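Note that the structure is predicted; figures quoted are calculated from it, not measured. In what follows, chains carry the letters A, B, and so on, assigned in the order in which the sequence lines appear, proteins first and then strands, with residues in each chain numbered from 1.
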2 protein chains.
Amino acid sequence: MYRLTESFPYLVNRVGVRIGEAFSRRLEARGVTLPMYRVMAALWEQGDQRLGDLAAVTSVEMSTLSRLVGAMVGKRLLSRRRPEENGRAVEINLTPQGRALVEDLMPLAIRHEALALRGFTPEEVARLKQDLGRVFANLVAYEEEIAPPPP
Amino acid sequence: MYRLTESFPYLVNRVGVRIGEAFSRRLEARGVTLPMYRVMAALWEQGDQRLGDLAAVTSVEMSTLSRLVGAMVGKRLLSRRRPEENGRAVEINLTPQGRALVEDLMPLAIRHEALALRGFTPEEVARLKQDLGRVFANLVAYEEEIAPPPP
DNA sequence: CACTTATATTTGCAAATGCAAATGTTGCAT
DNA sequence: ATGCAACATTTGCATTTGCAAATATAAGTG
């Protein structure tokens with residue numbers, strides 16, 4: 001028998017929403033929104049990226065991201081320039097201020113995650129993350145079955 | 001060393017967004033949005049509820065939900081009435097049409113979940129869902145530490 | 001019983017989102 | 001070279017969202 005509240009998508013969404021809200025409240029005091037944090041953390045981790053890559057990494061729609069990046073450039077957190085070798089792309093990077101800010105926020109993120117995972121052993125955490133990775137891979141594989149990339 | 005893309009909130013969000021998008025595309029053909037489906041499935045599972053309860057169950061903000069319910073009442077999927085014993089509350093329920101529709105959609109949801117969890121054993125699925133429940137409980141407990149409910 | 005306080009939902013309004021169309025670039029084929 | 005398809009991002013516009021204020025009902029208090 002089917003129950004929404006025991007379904008996997010429901011359980012994931014519920015955790016995702018709550019964990020996001022809680023962290024957003026933490027970030028608020030620093031004048032940063034959660035999407036902004038994610039963008040900065042992605043850039044910190046992977047270095048400069050094009051908009052499309054960033055959209056894929058952060059799970060944010062490209063048009064939304066385009067505007068968000070614009071606002072963050074305005075705040076001097078990011079830089080945005082067209083590379084010479086490919087003038088239709090946009091290379092986005094952290095400014096020194098953006099880097100300093102995100103490095104300042106990272107301990108917050110670490111504490112927040114630890115809080116969410118209270119009571120889990122390191123092995124359980126590793127397994128849980130691995131499972132989420134497996135699910136994600138399933139979803140990607142499924143989307144490719146539906147709309148196969150051009151051969 | 002901290003990496004956004006290995007953090008639990010990131011991994012959960014990524015799966016939540018993708019799984020929601022994929023299911024939304026499925027629902028689109030039936031003229032239903034994902035929040036609508038969640039509301040109907042919650043009502044199907046738990047019977048009639050007040051708006052606040054529904055908001056808690058579905059992780060949707062109450063004002064958003066109020067409007068959504070209004071739209072769904074307009075589509076004859078839900079009914080909404082003030083109970084006699086407490087005239088400030090609103091009791092929301094499925095109409096026969098709403099019930100028929102959600103029952104029609106549930107097989108879709110089941111298939112969709114199975115797809116996301118391909119390759120997982122039943123034990124792994126159970127453990128994964130349990131873990132998500134534990135995390136949720138942690139988040140709720142944490143929020144209560146921050147803002148303790150009136151004694 | 002008037003009057004404040006608490007509960008439950010709705011509404012106003014500004015900001016965020018997402019699709020589709022527009023813009024700007026590049027590369028390929030004649 | 002010129003035109004045409006492909007790529008990458010931005011913008012227009014309608015919808016959705018979320019906070020805060022407004023509304024409506026109920027319950028306590030002197």
Participant: Just the rounded figure in Å: distance from P of D/dT25 to CD of B/Glu84.
Facilitator: 14 Å
Participant: Between A/Arg25 and B/Glu143, is the closest basic N to carboxylate O distance under 4.0 Å?
Facilitator: yes
Participant: Return the nearest nucleotide to the side chain of A/Ser63; candidates are C/dT9, C/dC19, D/dT17.
Facilitator: C/dC19
Participant: Mind calculating the distance between CD1 (B/Ile92) and C1' (C/dA8) to the nearest angstrom?
Facilitator: 11 Å
Participant: Hydrophobic cluster membership, with links at side-chain heavy-atom distances under 4.5 Å among I/L/V/M/F/W/Y: are B/Leu128 and B/Phe136 in one?
Facilitator: yes
Participant: Decide side-chain contact (heavy atoms from CB on, under 4.5 Å) for A/Ile92 and A/Arg50; before the verdict, give the C-alpha distance in whole Å, the side-chain angles of both, and the deciding distance to 0.1 Å.
Facilitator: CA-CA 6 Å; A/Ile92 298 156; A/Arg50 299 183 356 205; over 6 Å; no
Participant: Taking CE from B/Met36 and P from D/dT15, how many angstroms apart are they, rounded to a whole number?
Facilitator: 13 Å
Participant: Answer yes or no: side-chain N or O of A/Arg25 and base N or O of D/dG18 forming a donor-acceptor pair under 3.5 Å.
Facilitator: no
Participant: Is there a donor N/O on one and an acceptor N/O on the other, under 3.5 Å, for the side chain of A/Arg67 and the base of C/dG18?
Facilitator: yes
Participant: Taking A/Ala109's backbone N and O only, do any of them form a donor-acceptor pair with A/Arg26's side chain (distance below 3.5 Å, no angle check)?
Facilitator: no
Participant: Write down the distance between CZ (B/Arg80) and C1' (C/dT9), rounded to a whole number of angstrom.
Facilitator: 9 Å
Participant: Can you tell me how far P of C/dA8 sits from CD of B/Glu85, to the nearest Å?
Facilitator: 12 Å
Participant: Look only at the side chain of A/Ser7 and the backbone of A/Leu4, and say whether a donor-acceptor pair between them is shorter than 3.5 Å.
Facilitator: yes
Participant: What integer distance in Å separates A/Met62:CE from C/dG18:P?
Facilitator: 13 Å
Participant: Taking for each residue the nucleotide of DNA chain D bearing the nearest heavy atom, is the 5' side occupied by B/Arg88 or by A/Ala89?
Facilitator: A/Ala89
Participant: Of all the nucleotides listed (C/dA20, C/dT9, D/dA26), which has the minimum atom distance to the side chain of B/Asn86?
Facilitator: D/dA26
Participant: Does A/Thr64 or A/Pro83 map to a spot on DNA chain C nearer the 5' end, using the closest nucleotide for each?
Facilitator: A/Thr64
Participant: Without decimals, in angstroms, what is the distance between B/Arg50 CZ and D/dT25 C1'?
Facilitator: 12 Å
Participant: Rounded to whole angstroms, how far apart are CD on B/Glu61 and C1' on D/dT16?
Facilitator: 12 Å
Participant: Out of C/dC19, C/dT11, D/dT9, which has the shortest distance to the side chain of B/Ser66?
Facilitator: C/dT11
